[in-house]
Amino acid sequence: MENRIKTLFERKPDNLLSVYFTAGYPTLEATVPIILELEKNGVDLIEIGMPFSDPLADGPTIQQSSEIAIRNGMTIPKLFEQLQEIRKHTQLPLVLMGYLNPVMQYGVERFCQQAQEVGIDGIILPDLPLADYVREYKTIFEKYGLCKIFLVTPQTPEQRIREIDSHTNGFIYMVSSASVTGSTNGNAVINTDYFQRVKSMELRNPGIIGFGIHNNDTFTEACKHASGAIIGSAFIEALSKEGNLEENISTFIRGIREKV
Amino acid sequence: MNYKVDENGFYGKFGGAYVPEMLYPNVEELRRNYLEIIYEAGFQEELQALLKDYVGRPTPLYFAKRLSEKYNTNIYLKREDLNHTGAHKINNTVGQILLARRLGKTRIIAETGAGQHGVATATVCALMNMECIVYMGEVDIERQAPNVARMKMLGATVVPATSGSRTLKDATNEAIRDWINNPEDTYYIIGSVVGPHPYPDMVARFQAIISEEIKAQLKEKTGNENPDYVVACVGGGSNAAGAFYHYLDTPEVKLVAVEAAGLGVHSGESAATSVLGREGIIHGSRTLLIQTEDGQVTEPYSISAGLDYPGVGPLHAHLHQTGRAIFESITDEEALQAVLELTRLEGIIPALETAHALAAISRIGAKANEVVVINLSGRGDKDLTTYLERFDLNGK
């Protein structure tokens with residue numbers, strides 16, 4: 001079966017906007033409405049966060065949304081149940097992002113099989129190291145047609161970036177700076193040397209920049225150096241605002257795409 | 001059976017380094033260099049000098065006569081409570097700070113539960129003139145106030161961890177996030193045999209001096225370097241790892257790991273990982289973990305801030321799984337009784353953590369001719385507020 005992430009990048013697109021949200025936040029049943037709203041507002045790719053109690057790579061915003069989502073009753077089985085019919089409504093590439101432990105408890109093969117069944121295209125598990133993936137899980141992910149997406153950071157040596165590039169498909173998630181998610185300190189996005197260094201390596205996979213992207217300026221800057229950018233914490237903050245979900249989402253996405 | 005870490009960082013199926021890519025360069029740098037650095041002659045010379053003259057090693061191995069009479073066996077206490085700062089934790093922080101300096105790091109971070117590791121880290125940072133940031137759960141800051149004061153006195157910044165259960169697990173999360181945010185200049189001194197490889201092995205090696213000394217001291221006192229039992233409490237498991245280390249391959253020495261049962265193992269308020277845990281991943285390590293069916297980490301409970309960790313170090317998970325160590329669990333109430341017992345029989349006020357090991361004496365059934373070594377991992381000064389609240393000392 002065709003993978004929607006691969007199809008998306010075959011068109012060699014630019015200015016891609018990928019949005020992350022935590023499934024089960026702000027309410028348990030918000031998952032599908034948020035996906036549909038994001039599609040309506042012209043987002044290119046969606047990352048659905050599977051909440052975990054101890055999200056090491058995440059800042060306070062995603063931590064809190066995860067805590068609330070867990071309290072709301074979000075689990076992996078619940079998420080798959082919500083996504084059962086999603087492919088009747090959208091053809092956007094969908095990626096599941098979470099931590100290894102809940103996936104391990106669910107069973108990695110069972111997880112991949114279910115993911116394929118509901119029409120997921122890729123998986124991000126930041127605490128599953130490359131070596132362990134290659135040794136234990138790669139054949140399973142490939143069997144179910146899932147892109148396993150890896151992160152690289154400004155500290156990742158060239159040789160390791162090449163190794164990651166050789167074992168992954170879909171895209172490479174370029175962490176903008178040394179930080180957990182949601183950091184918006186000044187130099188979060190403008191790490192031009194690092195972006196150029198990765199660009200000049202001419203990797204097999206396209207790159208998307210994430211971490212610290214939160215407005216039109218940072219989005220535009222990131223898009224100069226990669227195929228697009230990922231927004232997570234800032235979007236979750238927008239979902240937390242007063243008012244209805246549809247309006248919050250459309251206002252937020254417009255603010256990212258258009259210069260105010 | 002092999003009880004040492006293998007080349008991939010595993011003890012049997014436990015261990016490894018499940019860290020996000022942001023931490024990979026730091027953990028990898030440590031993995032490649034730690035053995036070479038810590039066994040280099042100059043390093044050892046500096047370390048041994050500090051352990052002797054600054055920490056106060058070797059710590060005594062004390063024959064507890066009245067306690068032995070009460071239980072009709074022969075009990076020796078390894079007096080880690082007499083170390084500078086009052087617990088075994090400083091054995092490890094002295095080693096790791098020397099390592100951090102050799103790696104050229106200038107900023108030190110640490111997590112702490114009971115505050116003993118935080119104090120031990122703040123102490124060596126003062127000694128080495130290095131910046132020190134200690135993450136501590138909000139709940140623990142409240143119940144271990146004397147240690148918070150000591151850390152501040154020593155010049156450390158104490159940052160409250162306000163997420164989750166606001167205890168040791170969350171303090172560890174915050175410390176790891178700090179390390180992700182500061183990958184170049186910062187070294188993370190982990191306080192227990194937990195976290196990604198090589199930390200569990202490295203911390204065990206720094207704590208191994210405990211069993212190295214026990215062997216020599218016991219030989220001198222009894223003519224036999226091997227006791228019948230070595231007993232130690234386990235939260236993450238660093239004092240136990242140190243007390244067990246040189247006995248791991250001596251099967252006639254029974255190793256007893258004592259966990260905190262809190263209000264009772266099955267009360268829902270417990271930290272007895274060996275009973276309640278399933279294989280899982282926490283803080284970069286595959287180990288036994290108390291968790292929900294969905295793989296969310298459960299918030300553990302113990303009266304002791306040093307034992308309420310939802311996992312155990314991967315070495316201990318392996319010792320449990322292979323049956324090399326016997327695991328016992330002790331409730332808050334039993335631990336408190338053991339505090340009073342040791343205080344009144346031997347004139348030693350133990351830490352709440354250590355009291356769990358002491359309370360296990362009656363469980364192991366040691367015979368009159370047998371020898372039991374209990375690792376007296378820390379002193380009770382930090383717990384006096386709890387003791388005053390829980391014991392009726394008027395007229396006694």
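Computed from heavy atoms alone, side chains included, the values below leave out hydrogens, waters and symmetry copies. Labels below follow one simple rule: chain letters A, B, ... track the order of the sequence lines, proteins then strands, and each chain is numbered from 1. Bear in mind the structure is a predicted one, so any value in this text is a computation, not a measurement.
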With a 6.0 Å cut-off on the ring centroids, do B:His283 and B:Tyr199 count as close? no
With only heavy atoms counted, which part of B:Tyr18 is less than 4.5 Å from chain A, the side chain, the backbone, both or neither? both
Name the region of A:Pro51, side chain, backbone, both or neither, that has any atom closer than 4.5 Å to a heavy atom of chain B. backbone
A:Tyr137 six-ring face occupied by A:Lys148 cation (under 6.0 Å, within 45°): no
Give, as side chain, backbone, both or neither, the part of A:Glu67 having an atom under 4.5 angstrom from any heavy atom of chain B. side chain
What residue in A:Thr153, A:Asp127, A:Val175, A:Leu130 has the most heavy-atom pairs under 4.5 Å with chain B? A:Asp127
List the atom of B:Pro196, the atom of B:Pro200, and the distance in Å for their closest heavy-atom pair. O-CD, 3.3 Å
Residue, of A:Ala57, A:Pro77, A:Ala131, that accumulates the most heavy atom pairs under 4.5 Å with chain B: A:Ala57
Taking every heavy-atom pair that is under 4.5 Å apart, which of A:Asp54, A:Leu151, A:Leu125 has the most such pairs with chain B? A:Asp54
So for A:Phe52, is it side chain, backbone, both, or neither that comes closer than 4.5 Å to the heavy atoms of chain B? both
At a 4.5 Å cut-off on heavy atoms, which part of B:Ile180 comes close to chain A: side chain, backbone, both, or neither? both
Checking B:Leu23 against chain A: side chain, backbone, both or neither under 4.5 Å from a heavy atom? neither
Which class fits the ring pair A:Phe21 and A:Phe235: parallel under 30°, tilted 30 to 60°, perpendicular over 60°? perpendicular
Portion of B:Val19 that has a non-hydrogen atom of chain A nearer than 4.5 angstrom: backbone
Parallel, tilted or perpendicular: rings of A:Tyr106 and A:Phe80 (30°, 60°): tilted
Measuring heavy-atom distances to chain B, does A:Ile70 have an atom under 4.5 Å in its side chain, in its backbone, in both, or in neither? side chain
Are B:Asn33 and B:Glu29 linked by a side-chain donor-acceptor pair shorter than 3.5 Å? no
A:Arg135 and A:Asp132 ion-paired at < 4.0 Å: yes
With chain A as the partner, which of B:Glu28, B:Glu174, B:Lys169 has the greatest number of non-hydrogen pairs under 4.5 Å? B:Lys169
Can you see whether A:Tyr25 engages A:Ser240 through a side-chain donor-acceptor pair at a distance of less than 3.5 angstrom? yes
Side chain, backbone, both or neither: which part of A:Val103 has a non-hydrogen atom closer than 4.5 Å to chain B? neither
Has B:Thr287 got a side-chain atom pairing as donor or acceptor with B:Val312's backbone, closer than 3.5 angstrom? yes
